[in-house]
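Lettering of chains follows the sequences in order, A, B, ..., and the numbering in each one begins at 1.
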Number of protein chains: 2
Amino acid sequence: MTASQVIKRGELARRSGCNLETIRYYENIGLLQPPERTASGHRLYTPGDQARLGFILRGRDLGFSIEELKSLLSLVDSHHYSCGEVRDLTNNHLASVRAKIADLTRLERTLADVSARCEGGDVPECPIIDTLFGRGPGARS
Amino acid sequence: MTASQVIKRGELARRSGCNLETIRYYENIGLLQPPERTASGHRLYTPGDQARLGFILRGRDLGFSIEELKSLLSLVDSHHYSCGEVRDLTNNHLASVRAKIADLTRLERTLADVSARCEGGDVPECPIIDTLFGRGPGARS
DNA sequence: CTTGAACCTGTAGTTACTACAGGGAGTACA
DNA sequence: TGTACTCCCTGTAGTAACTACAGGTTCAAG
């Protein structure tokens, strides 16, 4: 490991695009392992650390939660993970993403519907307000 | 206002389906106005209060944020709101819901894609892990 | 040798709640 | 009248996933 491959937190933040504080946060919660330090306490990140942060950031972009990423990383760390375990975790996450899309799509339809019934303009009668007060058409309760 | 129309917090929670503590929370942050109290300090909610909570809960179900609900309620409270203002607020919210759906749909495609490339089973090679480490096919960086 | 950037630590703020601890009030029953 | 039990009161802490700040070292350049 040559010295040039080892970088400090600011440089890691710049290279990875991750917020400086977030890197420390990931260490605090155990996603990143505590890196080596200089004599005066500055963190030194190896290429391995950098790859691990990349893993975390890509996982985050895919919407994995911290807990899911911990599971994924502990599988990787165990060195005897199976592809099947990883796929199960991914498919569970995929299912929750699909559930969220379904929820939001229902919401979208309702909102578009209620907005379409609204004429806009300067009048004080508003079907949206009526809906929210439960006195619109098709109101339940 | 007859006494039977005025209810306490527990009853309001039961009738509205809202969590007991959430009612107090909505008062603390200014969504619900502080209700009348008995001599000993118990809150008494009028039908007007009950309608306002209903408004808030329906708005919440439509995905409006607390801040958006505050805006909506202050329009209603002003008694000279226009339908146009309400519709603008709704359409902004609708746009953000659509943006979320678009984000999640992209996510869903990527996840489905990467999961499909995964054979599962007991092997230690996994395209999902490879992707997360940035060494899968089509990896950027 | 001094300035300024970068680093260190712990802690507080964000959203929208939910839950709990520790106490006072209201009501039913013996 | 006592007491048991539920309800209500308050303030505070916890959740997810960060982000930001204050107050204090350390490093690197001129």
Side-chain angles (χ1 to χ4, degrees), chain A residues 3-4 6-32 34-45 49 53 55-73 92-93 96-97 100 103-104 107, chain B residues 3-4 6-32 34-45 49 52-53 55-73 93 96-97 100 103-104 107:
Chain A
S4 73
V6 169
I7 58 179
K8 289 200 252 183
R9 193 153 59 103
E11 181 62 19
L12 180 58
R14 253 185 308 280
R15 285 197 201 172
S16 65
C18 183
N19 181 289
L20 182 73
E21 305 284 9
T22 303
I23 295 171
R24 191 161 60 102
Y25 168 69
Y26 286 155
E27 180 184 333
N28 284 338
I29 62 172
L31 266 189
L32 287 175
E36 297 296 310
R37 302 271 188 138
T38 65
S40 58
H42 289 195
R43 291 173 179 81
L44 294 175
Y45 295 95
D49 295 327
L53 180 59
F55 184 104
I56 293 166
L57 295 179
R58 280 181 210 95
R60 188 178 72 168
D61 282 350
L62 287 176
F64 284 106
S65 70
I66 299 279
E67 281 313 306
E68 288 168 331
L69 286 173
K70 272 189 190 169
S71 302
L72 245 16
L73 281 167
N92 280 345
H93 174 51
S96 87
V97 169
K100 251 180 229 159
D103 283 352
L104 285 174
L107 215 63
Chain B
S4 72
V6 169
I7 58 179
K8 290 200 251 183
R9 191 153 60 105
E11 181 63 19
L12 180 57
R14 257 186 305 280
R15 286 196 199 172
S16 64
C18 183
N19 181 287
L20 183 72
E21 305 284 10
T22 303
I23 295 172
R24 192 161 57 102
Y25 168 69
Y26 286 155
E27 181 184 332
N28 284 337
I29 62 171
L31 265 188
L32 287 175
E36 297 295 308
R37 302 271 188 139
T38 66
S40 58
H42 290 196
R43 290 174 180 81
L44 294 175
Y45 295 95
D49 294 327
R52 192 183 184 89
L53 179 59
F55 184 103
I56 292 166
L57 295 179
R58 281 181 210 94
R60 187 178 72 168
D61 283 349
L62 288 177
F64 284 105
S65 70
I66 299 279
E67 281 312 306
E68 288 167 331
L69 286 174
K70 272 189 190 169
S71 302
L72 244 15
L73 281 167
H93 175 50
S96 87
V97 169
K100 253 182 224 156
D103 283 353
L104 286 173
L107 215 63

task: Would you check if the side chain of E68(B) reaches a backbone N or O of S65(B) as a donor-acceptor pair within less than 3.5 Å?
output: yes
message: I'd like to know if the side chain of R37(A) and the backbone of L44(A) have a donor-acceptor N/O pair within less than 3.5 Å.
response: no
Could you go through nucleotides 1-4 of chain C and list every protein N or O atom that sits under 3.5 Å from one of its N or O atoms, giving the distance for each pair?
none

task: Take atom CZ of R9(A) and atom P of dA5(C), then tell me their distance rounded to the nearest Å.
output: 17 Å
Check: L62(A) main-chain N/O paired with H93(A) side-chain donor or acceptor under 3.5 Å: yes
- request: Return yes if some donor-acceptor pair links the side-chain N/O of R9(A) with the main-chain N/O of I23(A) below 3.5 Å, else return no.
  value: no
field: Interatomic distance, E27(B) CD vs dT18(C) C1' [rounded to whole Å]
entry: 17 Å
Quick one: side chains of residues 24-32 of chain A, donor-acceptor pairs under 3.5 Å with protein atoms, not counting sequence neighbours, listed by atom name and distance.
from, atom 1, to, atom 2, distance (Å)
R24(A), NH2, E21(A), OE1, 3.4
Y26(A), OH, R60(A), NH1, 3.2
E27(A), OE1, R43(A), NE, 2.8

query: Hey, where on DNA chain D does chain A first and last touch, going 5' to 3'? Cut-off is any atom under 4.0 Å from a heavy atom.
result: dA17(D) to dC27(D)
- line: DNA chain D nearest-nucleotide lookup for N19(A) and G41(A): closer to the 5′ end is N19(A)
- request: Check for a donor-acceptor pair, side chain of T22(A) on one end and backbone N or O of C18(A) on the other, with a separation under 3.5 Å.
  value: no
- prompt: Within this structure, what is the CZ-to-C1' distance between R24(A) and dA12(C), rounded to whole angstrom?
  reply: 12 Å
query: For the pair made of OH in Y25(B) and C1' in dT15(C), what is the distance, rounded to whole Å?
result: 7 Å
- prompt: Just how large is the angle between the end axes of the helix from dC1(C)-dG30(D) to dA30(C)-dT1(D), five pairs per end, to 10 degrees?
  reply: 30°
- line: Heavy atoms of P35(B) and D49(B) approach each other most closely as CB-OD2, 4.0 Å
What nitrogen or oxygen pairs link the protein and nucleotides 24-26 of chain C at under 3.5 Å?
from, atom 1, to, atom 2, distance (Å)
dA25(C), O3', S40(B), OG, 3.1
dG26(C), OP1, S40(B), OG, 2.9

- prompt: Do any of residues 63-73 of chain A sit with a heavy atom less than 4.0 Å from DNA chain D, and if so which?
  reply: S65(A), I66(A)
statement: L53(B) and S16(B) have their tightest heavy-atom pair at CD2-OG, 3.6 Å
- request: Take atom CD1 of I29(B) and atom C1' of dT15(C), then tell me their distance rounded to the nearest Å.
  value: 10 Å
- prompt: Under 4.0 angstrom, heavy atoms only, what part of the nucleic acid is R14(A) near: base, sugar-phosphate, or nothing?
  reply: nothing
- prompt: Run the salt bridge (Lys or Arg N to Asp or Glu O under 4.0 Å) check on K8(B) and E11(B) step by step: do they pass?
  reply: CA-CA 6 Å; K8(B) 290 200 251 183; E11(B) 181 63 19; over 6 Å; no
